[in-house]
Amino acid sequence: MSGFDQENLFGELHAQVARSAPKTPDQLVEGLTAPQRASVEHRGGPLLIVAGAGSGKTRVLTRRIAHLLATGDAAPHEILAITFTNKAANEMVERLVDLVGERARRMWVMTFHKAFFRMLQSEADRLGYRSRLTLYDDTDSRRLIQEILRERDIDPKKVTPKGVSGKISLAKATLQSPAEFAEGNGSYQGPFHQIAAEVYAEYERRLFAASAVDFDDLLLKPVELFRRHEDVRLAYADRFRHVLVDEFQDTNRAQNELVFQLTRDHRQVCVVGDSDQSIYRFRAADIRNILDFESTFPDAEVVVLEQNFRSTQRILDAANAVISNNAGRVVKNLFTEVGQGNPITVYGAMDERDEAAWVAAEVVRLSREQSLGFDDIAIFYRTNAQSRVLEEEFNRAGIPHRLVGATRFYDRREIRDLLAYVRLLVNPDDEMSARRIVNVPKRGIGATSVTRLGAFAAANGITFAAALGRAGEAGLTAKAAKASGELFTLLTALRQELLMKRPSELLSEVFHRSGIEAELQAEQSVDAASRLENLGELINSVAQLETDGGIESIEEFLESAALTSAQDDLNDDAPKVSLMTLHVAKGLEYQAVFVTGLEEGIFPHFSTRDDEEQLEEERRLAYVGITRARQHLALTHAERRFRFGGEQGSGFSNSLPSRFLREIPEDLTVRLGTSGMPRPSRWGDDPIFERPVDDGSRTFGRPIARRTPAPTSGAEQLGLAAGDVVIHARWGEGTVLSTSGSGEMAAAKVRFGEVGEKNLLLSVAPLRRA
DNA sequence: GGTCGACCGCTTTTT
DNA sequence: GCGGTCGACC
């Protein structure tokens, strides 16, 4: 498996030894560079480790923790080590197990969200919550906001739930209460802000009533808790005498505050980060947290790790060249002793299919010629939408692969439905979940009934779930009332089982008795079959976790369901090529990396066009992508790219290669495909590179095994030109405004009387001359 | 009053 | 290709 940094030459061997005999402090600093060693051995005050990409920061962190234990300066339960992703946390735990043995698994080495959810859960009563907390994920909270907007008759076209939820999320991340948010900070307050402020306040009331918290609350509420209850703060500060934070450049204000509250007394805080890898500004990450760390803790010791142990010199040179275009950064000087390495390949594709096919062919070539495993290879892209074509092409080529982090397993509808039942059983106040399952499976309780039930519950001060039992009084029709009563009985019965059954058994009970299973079985479609399969998989995997000791209670299961991202795949064995967004790629490394879609508009993304700061963040993202590669790096772009589903009503764009490509010195690269062709203006005087000959083993520059051409509508052969009048099977007569492309890619912009202007791909459009 | 199918509009990145 | 909305039909 390709993993994180250096470590693993003797990793396995050491692991064997470590399990029997823990390492001595001296052994723990063996083989470290001077600054790495200093980071591990530092004691007695704040420590800032500025760790360039690939400089071994995970290694330093884990060694430091092991060293603290080995010297007796800390006990396992006194350490809090925080990461951003589950993946990073798991990796850190595994490495710690190698160093200090199995006790590492019981240590608090986890994500921010998980750690503070735990604290919050155990102290919930101090903030006035009545029952166990339910965690709402983005979808849940979005839905709640939507509901509030609907109740207030706010036009969802003008004020989108997404927009409001973004505002609220930002407010929470910057520690603004609804009142503070409403007042704003003196800047212009538009009507949108007003509405958002009102919704925020109502949203908070609803969450509280449901004993629910959202993602942002996992950070905001503990801050509140610590501020309001000094005794609680002191208790945790006292317990966690050593706090270590990874990826500190991506902390937001709430996270920064939490770290400060926990450590300001004992000051034993160690943060690791690299401002060049800050890529979560959109999520309110504040790069100032790391830049200002030294003024927050004036006595902080600063160590800079500049030696890179991962990539070849060429790859580092490319990364350095790109990132040096960002203004006002602290200049670091990454170097390596690995050697020059291979040139970086830049491939210009005709379109996204060609791009994907080239990548697939290269993957095959690399695995053959360089004897790389599929799991040594990763493909990155800027947006999830780009993954589909890659997947299709990989399927065609028979390359084993997996999408990392695309749709979370727990985000699938059927899974959410089943989980909603369980959440409702655990927390009867959870109105969102109650509303969700009230008509799943279909039992004849529609929107009108739901509204009535909701109104009845509110009027009588009971929960929505309780209202189900009094549906007659709520004014439901006889049929709906009967269904409602049955559901109520079912829920009551299931609640009896809550304490007696193991999580997997409970899930299975719900699956059978709710009727979800029967409904899906009755459907007889491929879709239903796959949903059934997913549910079965869920139940199995939970049972598995129970045997492994990973899950004890149903609450624990719900927590992990909400906090687990799709990155932590359920079952995984065979080596596979990993496909993921650049954001997901942070913290990982691979022998060979492909960064795709390097086009203006895609990467950097359109939305960052007018904002220099956002553009710099895109550049950091490029930096992150490039520095993931150890040996092989390929960068691709496409001349044109279909967007959306790629049919009528959408269109394709012709794209310039990304500025990031232009920022990489020519002499580090080999340029192929359209990149190798002479190009006027923008590219300057690119040398012309030959297209390699097709000798069977190399398939540069041309896709292999092109898909069999789909039968076309033939319209691309009509030779249409601007001004021609055509007839479309659906939209009738129209006038051609312009044409573009040729062959398979030929397209025309046509104005129709009724539907207006459409961009049509001629090979598929049902079009003929008038 | 409920269900289902047609259509529209949108798509940045995530714990 | 998706979710969400709306209108037609049961």
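Remember, it's a predicted structure, so these values are computed and weren't measured experimentally.
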Legend entry - Reference residue A:F84; test ring pair (Phe, Tyr, Trp, His ring centres under 6.0 Å); the match among A:Y280, A:F248, A:F112: A:F112
Inset, instruction - Would you kindly give the CG-to-P distance between A:N384 and C:dG1, to the nearest whole Å? - result: 15 Å
Inset, instruction - Send over the distance from A:D138 CG to C:dG3 P, rounded to a whole Å. - result: 16 Å
Inset, instruction - Answer with base, sugar-phosphate or nothing: what part of the nucleic acid does A:D216 contact at a heavy-atom distance below 4.0 Å? - result: nothing
Legend entry - Touch class at under 4.0 angstrom, heavy-atom based, for A:R413 against every strand present: nothing
Inset, instruction - Evaluate whether atom CZ of A:R288 has more than 12 neighbouring non-hydrogen atoms of other residues, nucleotides or ligands under 6.0 angstrom away. - result: no
Legend entry - Nearest-0.5 Å distance that lies between atom CG in A:L135 and atom CG in A:L120: 9.5 Å
Inset, instruction - Measure from CZ on A:R382 to C1' on B:dT14 and round the result to the nearest Å. - result: 12 Å
Legend entry - Sugar-phosphate, base or nothing in reach of A:T448, heavy atoms under 4.0 Å: sugar-phosphate
Inset, instruction - Using atom OH of A:Y136 as one end and atom C1' of B:dT14 as the other, report the distance to the nearest whole Å. - result: 21 Å
Inset, instruction - Pick base, sugar-phosphate or nothing for A:Q146, based on heavy-atom distances below 4.0 Å to the nucleic acid. - result: sugar-phosphate
Legend entry - Neighbours of DNA chain B within residues 277-289 of chain A, by heavy-atom distance under 4.0 Å: A:Y280, A:F282, A:R283
Legend entry - Donor-acceptor under 3.5 Å (A:S122 side chain, A:R118 main chain): yes
Inset, instruction - Rounded off to whole Å, could you give me the CG-to-C1' distance for the A:L149 and C:dT5 pair? - result: 16 Å
Inset, instruction - Would you indicate what A:S449 reaches in the nucleic acid, counting non-hydrogen atoms under 4.0 angstrom: base, sugar-phosphate, or nothing? - result: sugar-phosphate
Legend entry - Between A:D216 and A:S169: side-chain donor-acceptor atoms closer than 3.5 Å: yes
Legend entry - Polar contact flag, side-chain donor to acceptor under 3.5 angstrom, A:N326-A:Y623: no
Legend entry - C:dG4 OP1/OP2 closer than 4.0 Å to side-chain N/O of A:R143: yes
Legend entry - Rounded interatomic separation in angstrom, taking CG from A:D611 and P from B:dT13: 18 Å
Inset, instruction - Identify which one of A:Q121, A:K114, A:H113 satisfies the side chain to side chain contact (heavy atoms under 4.5 Å, CB included) criterion when paired with A:F117. - result: A:Q121
Legend entry - DNA chain B: 5'-proximal contact among A:A385 and A:I445 (nearest heavy atom): A:I445
Inset, instruction - Give one of base, sugar-phosphate or nothing for A:K442, where a contact means two heavy atoms less than 4.0 Å apart. - result: sugar-phosphate
Legend entry - Of the listed nucleotides B:dT14, C:dG4, B:dT3, the one nearest the side chain of A:T581: B:dT14
Inset, instruction - Scan side-chain atoms only and decide if A:Q176 and A:Y200 contain a donor-acceptor pair under the 3.5 Å cut-off. - result: no
Legend entry - Pairwise 5' ranking along DNA chain B for A:G446 and A:H583, keeping only the more 5' one: A:G446
Inset, instruction - Report the distance from atom CZ of A:F606 to atom P of B:dC10, rounded to the nearest whole Å. - result: 14 Å
Inset, instruction - Determine, answering yes or no, if A:H605 is stacked on B:dT12 under the 5.5 Å centre rule and the 30° plane rule. - result: yes
Legend entry - Side chain of A:N439 (C-beta onward), nearest among B:dT15, B:dT12, B:dT3: B:dT3
Inset, instruction - Report the distance from atom CD of A:E414 to atom C1' of C:dG3, rounded to the nearest whole Å. - result: 15 Å
Legend entry - Touch class at under 4.0 angstrom, heavy-atom based, for A:R142 against every strand present: nothing
